Amino acid sequence: MGGLLLGIFGLLVLAAVPIGFALAIAAVVAIVAADLPLVVIPQQIVAGMDSFPMLAVPLFILAGFLMDVGGISRRLVTLARSLVGHLPGGLGQVVVMAEMFFSGVSGSTSADAAAIGGIMVPQLTANGYSRARATAIVSAACGMGILIPPAIVMVVYGVIGNVSIGALFVASIVPALLIAVGLMTQIGWQARREGWPREPRASLAEVRRAAVDALLPLFMIVVILGGIRFGLFTPTEAAAVAVAYALLLAGPVYRSLTVRELWKKIVQTAIVSGMVLFVVGAARLLGWVLAVMQAPQSLASSVVAMGGGPIGFMVLTILIFLLLGAILEGVPAVVLLTPILLPLATQLGIDPVHYGAVIVATQGISVFLPPVGVSLLVACSVGGVEPAEVARPLWPYLALMLGLTMVIALVPGVVLWLPNLLGY
């Protein structure tokens with residue numbers, strides 16, 4: 001029965017059936033074949049979506065859409081340019097720094113790739129970078145940005161695994177900085193070798209002006225993390241605060257949000273949220289079927305038989321999410337695999353927050369994995385290139401990110417130091 005379920009799911013994915021429908025159809029066929037009660041189908045799908053913490057997903061998506069109104073991404077790029085544009089490979093460094101700022105606003109790798117890529121790819125190509133190289137740098141930076149809170153994947157993992165979302169947000173900061181520094185070092189080394197240009201050093205007045213211009217958008221991250229840390233609101237309530245803050249900036253402050261534009265953003269949020277939540281519900285149904293078939297117990301026995309302990313299990317987790325994450329995209333992979341793998345990780349003594357950070361970092365690589373990564377396709381569309389063209393310049397960045405993800409996986413202190421310091 002398990003082979004039938006996985007076979008149907010695999011065929012549907014290869015046939016380009018949307019992931020949510022592939023999950024649901026495979027589960028329904030298995031339920032019918034096993035003569036299980038059909039009433040569990042709507043029960044499990046609704047139960048998967050019926051969660052107060054899951055309400056943070058559409059709210060953070062709406063906040064990200066609203067924050068992109070009024071040139072907020074342009075303000076953040078200008079600040080990044082004033083801070084690191086003078087370093088070797090100046091514009092490449094700006095992409096990484098700008099993504100660190102913007103990802104905390106958007107919460108989505110695809111949104112980051114569209115916003116940052118739309119601004120930076122033309123500038124990179126005008127300064128001598130090929131379109132493939134420019135798209136590769138944007139893709140690598142956005143893959144790192146998935147670790148900057150608030151990330152939708154973190155919220156979903158926290159809900160599915162019953163893990164503190166606030167702790168996940170804090171725990172991901174140091175790994176994100178580690179990968180960002182690694183990428184900036186690699187770009188600097190390539191710039192010296194290839195002779196990429198750098199920009200003049202910005203004056204203190206220019207840096208101060210850019211910082212003041214970007215202060216209000218960046219303050220949203222402080223509001224979210226500070227409010228959660230000091231118990232002012234829950235992560236879901238923080239998402240609602242983020243929406244209110246974004247409305248304030250886009251409306252009265254920047255005067256760039258019209259009623260028509262607001263309605264457009266609400267419709268976009270409804271479409272994206274509907275897709276995400278249906279996938280969550282379908283994955284919950286499939287997880288229930290796997291639980292009835294005792295798939296987690298079988299997998300646990302196999303993992304124990306393989307040996308390797310926590311280190312081996314971490315390596316196995318990274319491989320699984322690399323392969324499936326590129327096909328399933330971030331949220332479906334987390335929803336499908338977390339209920340199966342997280343209990344095994346806990347049994348092996350792996351901290352759930354540490355485990356979540358490793359999963360999210362791996363997802364940042366997988367969604368840009370050539371040739372099928374979902375976010376890579378978005379970046380290529382913005383950059384005007386084919387995934388095959390981007391693959392060669394992108395692989396060195398992905399290899400570095402994978403190496404640093406292994407460090408994050410094998411050295412728990414990298415992830416847990418900051419949450420422990422802040423009392424999570």
Side-chain angles (χ1 to χ4, degrees), residues 52-83 97-116 118-119 142 145-146 148-152 154-155 165-166 168-170 172-173 207-274 276:
F52 179 71
M54 193 64 74
L55 184 60
V57 172
L59 289 174
F60 275 131
I61 291 172
L62 177 58
F65 281 142
L66 292 175
M67 290 290 281
D68 194 33
V69 176
I72 288 174
S73 53
R74 177 187 55 78
R75 287 177 168 87
L76 297 175
V77 168
T78 301
L79 174 59
R81 199 165 191 160
S82 69
L83 292 173
M97 181 65 70
E99 171 58 18
M100 293 178 69
F101 294 149
F102 189 77
S103 59
V105 172
S106 73
S108 165
T109 53
S110 295
D112 295 356
I116 300 298
I119 295 174
C142 293
I146 196 173
I148 304 289
I152 303 302
M154 289 184 206
V155 174
I165 297 173
L168 287 169
F169 282 178
V170 173
S172 64
I173 293 175
V207 173
R208 184 169 57 252
R209 188 162 50 248
V212 170
D213 202 28
L215 183 62
L216 291 178
L218 289 175
F219 190 67
M220 188 177 84
I221 306 173
V222 178
V223 170
I224 292 171
L225 294 180
I228 295 173
R229 170 63 187 88
F230 293 107
L232 300 178
F233 34 71
T234 67
T236 304
E237 292 164 348
V241 171
V243 171
Y245 188 79
L247 281 171
L248 178 65
L249 285 189
V253 177
Y254 294 142
R255 301 180 182 277
S256 58
L257 184 65
T258 63
V259 174
R260 176 175 292 184
E261 187 70 18
L262 175 60
W263 176 249
K264 179 181 176 182
K265 297 304 180 184
I266 291 174
V267 171
Q268 288 178 336
T269 300
I271 293 172
V272 175
S273 301
V276 171

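Just so it is clear, the values below take in all heavy atoms, side chains as well, and ignore hydrogens, waters and symmetry mates. Note that the structure is predicted; figures quoted are calculated from it, not measured. Residues: numbered from 1 along the sequence shown.
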Legend entry - Atom of Phe169, atom of Val155 and distance for their closest heavy-atom approach: CZ-CG2, 4.0 Å
Inset, instruction - Can you run down the salt bridge (Lys or Arg N to Asp or Glu O under 4.0 Å) pairs that involve residues 210-225, sequence neighbours left out, and say none if there aren't any? - result: Arg75-Asp213
Legend entry - Contacts of Ala210 that satisfy side-chain contact (heavy atoms from CB on, under 4.5 Å) - sequence neighbours left out: Thr78, Leu79, Ser82
Inset, instruction - Report the distance from atom CD1 of Ile148 to atom CE of Met154, rounding to the nearest 0.5 Å. - result: 7.5 Å
Inset, instruction - Nearest 0.5 Å please: distance from the CG atom of Leu257 over to the NZ atom of Lys264. - result: 11.5 Å
Inset, instruction - Can you sort out the partners of Glu261 under salt bridge (charged side-chain N to carboxylate O under 4.0 Å, His left out), two or more places apart, ordered by chain and number? - result: Lys265
Legend entry - Residues forming a side-chain contact (heavy atoms from CB on, under 4.5 Å) with Val243, sequence neighbours excluded: Leu59, Leu62, Ala63, Leu66, Leu247
Legend entry - Minimum heavy-atom distance between Glu99 and Gly145, given as atom pair plus value: OE2-CA, 3.3 Å
Legend entry - Partners passing side-chain contact (heavy atoms from CB on, under 4.5 Å) against Leu168 (at least two apart in sequence or in another chain): Tyr157, Val163, Val353
Inset, instruction - Could you tell me the separation between the CD1 atom of Ile173 and the CE atom of Met100, rounded to the nearest 0.5 Å? - result: 9.5 Å
Legend entry - Partner set under side-chain contact (heavy atoms from CB on, under 4.5 Å) for Leu216, not counting sequence neighbours: Tyr245, Leu249, Val253, Tyr254
